[in-house]
Amino acid sequence: IDIISQICIYNDYPIYRYNLAKYRDKFNKIILYPSRHHGVIDMEEHMRKTFPETWVTGHKIDWTTPGIDWRQAETEPCLELSNAEWILFLEQDFFCADWDKLWIDVEKQMDNGAEMIGWYDNNSLFYIHPCFLLMKRELLEKTKKDFRAHPEILGSDHFAMITRDAEELG
């Protein structure tokens, strides 16, 4: 499993850091994108020391590009660094009451042939939310890899189209 996580460098999530360390042996790579949204105190140096992992570096986003979506722009370079059979899209602010049970359940589903596992966002357009979305690379490669939010579709936030593609693929 490779983790792909866009981490806001202006916020610190100690529970996120704790869980990455606690379950580190479950992951091939932890791929981090230093996301620069809505912040003042830059903690990137602290985070790079805390997570001596695979960081996306040298990637520049042209925010003047019409229709640019931050999640699409930050996910694509992360995927280029990933080579595991499974990819876990994980957000810093995903909280779970019992992580041990979560991993037992996830591994059971993986062993039972699931190709996509995650937290189902129960809004007007049901989809697996990128706060915790574990997906087989083989399935992801068959999708359109559209990670953008689609405001023209009611309830379609980031990654909703990935769920739609996976459902259409069966």
Side-chain angles (χ1 to χ4, degrees), residues 1-20 22-23 26-27 29-39 56 61 63 67-79 81-82 84-170:
I1 299 173
D2 282 346
I3 288 181
I4 289 181
S5 191
Q6 289 99 346
I7 60 172
C8 178
I9 60 160
Y10 303 113
N11 294 309
D12 185 24
Y13 290 86
I15 294 171
Y16 172 84
R17 289 189 286 110
Y18 170 81
N19 282 312
L20 286 185
K22 180 177 179 181
Y23 299 102
K26 294 188 179 299
F27 313 120
K29 293 180 186 175
I30 299 174
I31 302 167
L32 304 169
Y33 192 102
S35 192
R36 300 184 174 281
H37 299 276
H38 316 296
V56 173
I61 299 172
W63 294 111
I68 189 123
D69 179 278
W70 72 269
R71 185 69 90 157
Q72 186 78 30
E74 293 182 359
T75 300
E76 289 171 346
C78 293
L79 285 170
L81 297 172
S82 173
E85 178 185 4
W86 288 86
I87 300 168
L88 173 59
F89 298 97
L90 182 67
E91 294 181 348
Q92 289 170 290
D93 57 354
F94 176 69
F95 299 105
C96 175
D98 188 339
W99 281 88
D100 291 330
K101 182 177 181 332
L102 172 72
W103 280 111
I104 289 168
D105 291 346
V106 164
E107 289 169 354
K108 182 178 177 183
Q109 293 305 313
M110 290 169 73
D111 292 342
N112 287 336
E115 294 183 291
M116 190 172 181
I117 303 163
W119 183 75
Y120 217 45
D121 192 346
N122 187 14
N123 68 31
S124 58
L125 179 74
F126 296 107
Y127 68 97
I128 298 181
H129 195 279
C131 64
F132 189 96
L133 189 163
L134 180 63
M135 190 173 200
K136 270 194 131 168
R137 174 179 302 283
E138 182 180 344
L139 177 59
L140 179 64
E141 293 298 333
K142 293 176 185 175
T143 72
K144 296 177 186 109
K145 296 184 191 163
D146 183 355
F147 305 104
R148 298 171 299 149
H150 286 270
E152 72 279 9
I153 302 170
L154 184 63
S156 177
D157 201 350
H158 295 105
F159 281 67
M161 295 298 102
I162 296 291
T163 300
R164 294 286 81 78
D165 288 352
E167 288 176 338
E168 289 174 9
L169 290 165

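Model, not experiment: these values are computed from the prediction. Below, each value reflects all heavy atoms present in this structure, side chains not excepted, and no hydrogens, waters or symmetry copies.
- In this structure a side-chain-to-backbone donor-acceptor pair under 3.5 Å is present from His129 to Cys131.
- Two residues are said to be in side-chain contact when any heavy atoms from C-beta on lie closer than 4.5 Å; Arg148 and Phe159 fail this criterion.
- Between the side chain of Ser5 and the backbone N or O of Ile7, no donor-acceptor pair lies under 3.5 Å.
- No donor-acceptor contact under 3.5 angstrom links the side chains of Ser156 and Arg164, judged on distance only.
- Between Asp12 and Arg17 there is a salt bridge, since a side-chain N of the basic residue sits under 4.0 Å from a carboxylate O of the acidic one.
- Using cut-offs of 30° and 60° for the angle between ring planes, the Trp103 and Phe27 rings count as perpendicular.
- A salt bridge does not link Asp2 with Lys29: every distance from a Lys NZ or Arg NE/NH1/NH2 to an Asp or Glu carboxylate oxygen is 4.0 Å or more.
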Counting only pairs under 3.5 Å, give me each side-chain donor-acceptor contact of residues 106-113, with atom names and distances, residues two or more places apart or in other chains.
from   : atom 1 : to     : atom 2 : distance (Å)
Glu107 : OE2    : Lys26  : NZ     : 2.7
Asn112 : ND2    : Lys108 : O      : 3.3

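- A donor-acceptor pair is defined here as one N or O able to donate and one able to accept, closer than 3.5 Å; no such pair exists between the side chain of Tyr23 and the backbone of Tyr18.
- With Glu115 contributing its side chain and Met135 its backbone, the two residues share no donor-acceptor pair below 3.5 Å.
- Phe94 is linked by a ring pair (Phe, Tyr, Trp, His ring centres under 6.0 Å) to Trp99, Phe132, counting only residues two or more places apart in sequence or in another chain.
- Between the side chain of Arg71 and the backbone N or O of Pro130 there is no donor-acceptor pair closer than 3.5 Å.
- For His158 and Asp69, the side-chain atoms include at least one donor-acceptor pair closer than 3.5 Å.
- By the 4.0 Å N-to-carboxylate-O rule, Lys144 lies too far from Asp146 to be salt-bridged with it.
- For an aromatic pair to be called close, the ring centres must be under 6.0 Å apart, and Trp119 with Phe126 fails this.
- The main-chain N or O of Ile128 is found under 3.5 Å from a side-chain atom of Thr163 such that the two form a donor-acceptor pair.
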